[in-house]
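Worksheet for the structure shown next.
These figures come from a predicted structure and were not determined experimentally.
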Amino acid sequence: MSPGWPGTRVANARTVTIEPARDGAVSVTPSAAEPWPGARVEPLSYLLCIEGERAMTVPLPASGELVIGRSAECGLRLSDELVSRAHAQLFVVPDGIRLEDLGSRHGTLLNGQRLTAPRLLASGDVVGIGSAVLIVHRRSRAASGRAMLDAACLLRRFEEELERSLRYRRELALVVVRSDRPFVRPRVAGVLAERLRLIDVAALFGEQELAVLVPESTAEDAAELARALTGALADTVAGVAASPADGVDVDTLFSCARMAAMSPSARPVACAADAVHVIDLDGQQALVADPAMIGIYELLRRLARSALPILILGETGVGKELAAAAAHRFSPRAGGPFVSINCASIPEQLAESELFGHERGAFTGAAAAKPGQLELAHGGTVFLDEVGELPPAVQAKLLRVLEAGELQRVGDVKPRPIDVRIVAATNRDLAAEIAAGGFRQDLFFRLAAAQVVIPPLRDRPRDLAVLIQRLFAAACARLGRPPLALTIAVTQALLLHRWPGNVRELRNTLEYAAAAAPEIAVEVDVWHLPPALARLVRDLPRPAEPPVSTPRSSAQVAAVAPDGGRFRPIDDELRELERERMVAALAATGGVQNRAAELIAMPLRTFVTKLKRYAIDAIEWR
């Protein structure tokens, strides 16, 4: 209970007295001359109290508890004998004003019905206490009244909004604003009050970070808000993340927005995609966005300066070869060759010759001398993928390369000096292999002088979100088709899948989706995904549309339409029609978007969003 409200059960509480005015009206004032602490000249809320022939207005301050009854200790005293000494109370809560009966003998009525449990009051509600009638009047509060939360409340709200966005396939955005100096809370509250909607909330995290949760908004909408905030708050930068495109959990989205705000491009606003590190690896690119992978590549950069062998561990498909290529690229050997060898693909009888080379006549068919892969990498780096697959004899010769810096071709009588850096990788448990006698312990100790563990894709949510966008765009380009969008349901399914095959499985899935979507499609939907992923979407809290019985792709449709053609998914046809109407409306209005949106009764924000989704270009309507 707040001590600032008259009638609260605290020491020194004030009591309201009711004095009849000369004109018959009744005014309500505190018993002391000074105004109530926290009271307003024009209160946000008040009660119109009618008792017998008297009427009065009782202003209600912004916080506290008001007790109504016959007792002199009550904040609002009524004279009817049917009113209990402490009959009912009004209590201000974050969502409004709550009315509670205090166990009165004759009860409290709300809109003609007896009150049996605490209820929130709305403007116009009628409260009956004895013969008195109290009519509630509430003025609308400014958005600033609910904009600022504490950090814990914002995180809880974030969880709730995120669950709702996933369930109902809606977008959600987060803005993180960082300042060079501590924020002044009243100043921040004022800026937010002018720019936030009632559904938006914000909180300070520490003294120099402000987080703003923006439900029902795209990344573009949130970026526009971020620009307004950084323009009003001096010496600030902002980062923006959106769900589901950038992630589907609170930690990932916060990490995305924070990293975007700290990226060099955040002047003044950057989106999550701007915080992606692109490492050029001589024709390949490593996309690194997840904090764990940023740390791993920084470790590789440091290890590359030495001549130590590196052992890279991780599941199949996690990107071990890219990590090895990065170690070469960061090293002083970057100008030399980088030779990648898949040890599992070399036949056992040819492994020694393939790796170390052979002399003429060393074995049947050896018509000429041939250098091995290791020798071809002289001055550079050798990547031995799946090193656990090497035969024992080859393991012994490889150990000599590591220890003595020399190799011996098959059939040769003398060793040759060699200068190579060995980077090996495996998805096997080499300790178990050593115990089983399948791998040499001394070789393991030499290869594992420096170990780097690449986490699986399911543990790198930020990398996953980035790879989905980049790999899908590349898949569309390889098919020679315009870029396609991914629906919210598809993005959620891709982000929630566990990806046991890691990046390799993800790439194949996106290739399938790009190929399965019809030529007229502008976006990939659930039924264009492989069946296993489509089932995952159907298992999410809200069933994906269309229903299960609807055909999932044009390739699966066997029924014949009434016109003799083939049936198509109805959503494909609806999107095609919607796109045609938008183009026609733009042509009719000369490209004026708000007028075009009015012509087809579409909200302007939706119209602008779908312009981008459908890739509608001015050349189509001019």
(Q) I need the single residue from E216, R164, E161 that forms a side chain to side chain contact (heavy atoms under 4.5 Å, CB included) with L172. Which is it? (A) E161
Q) Do other residues, nucleotides or ligands put more than 12 heavy atoms under 6.0 Å from the CZ atom of R170? A) no
Q: Taking atom CZ of R409 as the centre, report whether more than 12 heavy atoms of other residues, nucleotides or ligands fall under 6.0 Å from it.
A: yes
Q. How about E224: does its CD atom have over 12 heavy atoms from other parts shown lying under 6.0 Å from it?
A. no
Q.
Check whether T509 reaches the backbone of E505 with its side chain - one donor and one acceptor, N or O, closer than 3.5 Å.
A. yes
Q) Which value, rounded to the nearest 0.5 Å, describes the distance between E171 atom CD and I488 atom CD1? A) 4.5 Å
Q. If you take all heavy atoms of E220 and R227, which pair is closest and at what distance?
A. O-NH2, 4.5 Å
Q. Can you check whether P455's main-chain N or O pairs, donor with acceptor, with R460's side chain at less than 3.5 Å?
A. yes
Q.
Looking at D221, is its backbone amide N or carbonyl O close enough to the side chain of T218 to form a donor-acceptor pair, meaning the two atoms are under 3.5 Å apart?
A. yes
(Q) Are V503 and V318 packed together at the side-chain level, in the sense that at least one heavy-atom pair is separated by less than 4.5 angstrom? (A) no
Q: Taking atom CD of Q451 as the centre, report whether more than 12 heavy atoms of other residues, nucleotides or ligands fall under 6.0 Å from it.
A: yes
Q.
Could you check whether any side-chain heavy atom of L496 comes within less than 4.5 Å of a side-chain heavy atom of V248, counting everything from C-beta outward?
A. yes
Q.
With a 3.5 Å distance limit and no angle check, can you tell me whether K320 reaches the backbone of D385 through a side-chain donor-acceptor pair?
A. no
Q | Qualifying residue for side chain to side chain contact (heavy atoms under 4.5 Å, CB included) with V423, from L300, I312, V452, L447 | A | I312
Q) If you take all heavy atoms of A151 and L204, which pair is closest and at what distance? A) CB-O, 4.0 Å
Q. Do the side chain of H378 and the main chain of E375 share a donor and acceptor less than 3.5 angstrom apart?
A. no
Q) How are the rings of F383 and F338 set to each other: parallel, tilted or perpendicular (split at 30° and 60°)? A) parallel
Q: Over all heavy atoms of both residues, which pair between L529 and A513 is shortest? Give the atoms and the distance, please.
A: CD2-CB, 4.3 Å
Q: May I ask you to test the F183-V177 pair for a side-chain heavy-atom distance under 4.5 Å?
A: yes
Q) Which pair of non-hydrogen atoms, one from L471 and one from R478, has the smallest distance, and what is that distance? A) O-NH2, 4.5 Å
Q.
Rounded at 0.5 Å granularity, tell me how far CG in L494 sits from CZ in F472.
A. 9.0 Å
Q: Might you work through the side-chain contact (heavy atoms from CB on, under 4.5 Å) test for V420 and L407, ending with a clear yes or no?
A: CA-CA 11 Å; V420 293; L407 61 77; over 6 Å; no
Q) Which residue, T491, D463, V490, L506, forms the side chain to side chain contact (heavy atoms under 4.5 Å, CB included) with I468? A) L506
Q. Is it true that R416 and E359 make a salt bridge, defined as a side-chain N closer than 4.0 Å to a carboxylate O?
A. yes
Q) Short question: side chain of H328, backbone of G336 - any donor-acceptor pair under 3.5 Å? A) yes
Q: Any chance you could measure R507, atom CZ, to L467, atom CG, to the nearest 0.5 Å?
A: 8.5 Å
Q. Is the side chain of Q373 donor-acceptor paired with the backbone N or O of L355 at a distance under 3.5 Å, no angle test?
A. no
Q | Closest non-hydrogen atom pair between V175 and A222, with its separation | A | CG2-O, 3.6 Å
**Q.** From R579 atom CZ to K610 atom NZ, the distance as rounded to the nearest 0.5 Å
**A.** 13.0 Å
Q.
Looking at E348, I'd like to know if its CD atom is crowded, meaning that more than 12 non-hydrogen atoms belonging to other residues, nucleotides or ligands lie closer than 6.0 Å.
A. no
Q. Can you tell if the side chain of T236 reaches within under 4.5 Å of the side chain of L229, non-hydrogen atoms only?
A. no
Q: Report the C-alpha distance between E386 and T426 in whole Å, list the side-chain angles of each, state the deciding distance to 0.1 Å, and finish with yes or no for side-chain contact (heavy atoms from CB on, under 4.5 Å).
A: CA-CA 4 Å; E386 303 302 340; T426 183; 4.2 Å; yes
Q | Short side-chain to backbone donor-acceptor contact, S353 and L350, under 3.5 Å | A | no
Q: Taking the side chain as every heavy atom from C-beta outward, state whether R400 and F356 have any pair of such atoms under 4.5 Å apart.
A: no
Q) Is a side-chain donor or acceptor of K397 paired with a backbone partner of Q408 at a separation under 3.5 angstrom? A) yes
**Q.** Student check: side-chain heavy atoms of L155 and E159 closer than 4.5 Å
**A.** no
Q) In Å, rounded to the nearest 0.5 Å, how long is the span from CE of M293 to NE2 of H277? A) 12.0 Å
Q: State whether the side chain of N502 and the backbone N or O of P456 hold a donor-acceptor pair below 3.5 Å, judged by distance alone.
A: no
**Q.** Closest non-hydrogen atom pair, S165 against S243
**A.** OG-OG, 4.4 Å
**Q.** Heavy-atom check, side chain of I294 versus side chain of M259, under 4.5 Å
**A.** yes
Q. Roughly how far, to the nearest 0.5 Å, is CZ of F205 from CZ of F254?
A. 4.0 Å
Q. Do D246 and R462 come within less than 4.5 Å of each other through their side chains, counting heavy atoms only?
A. yes
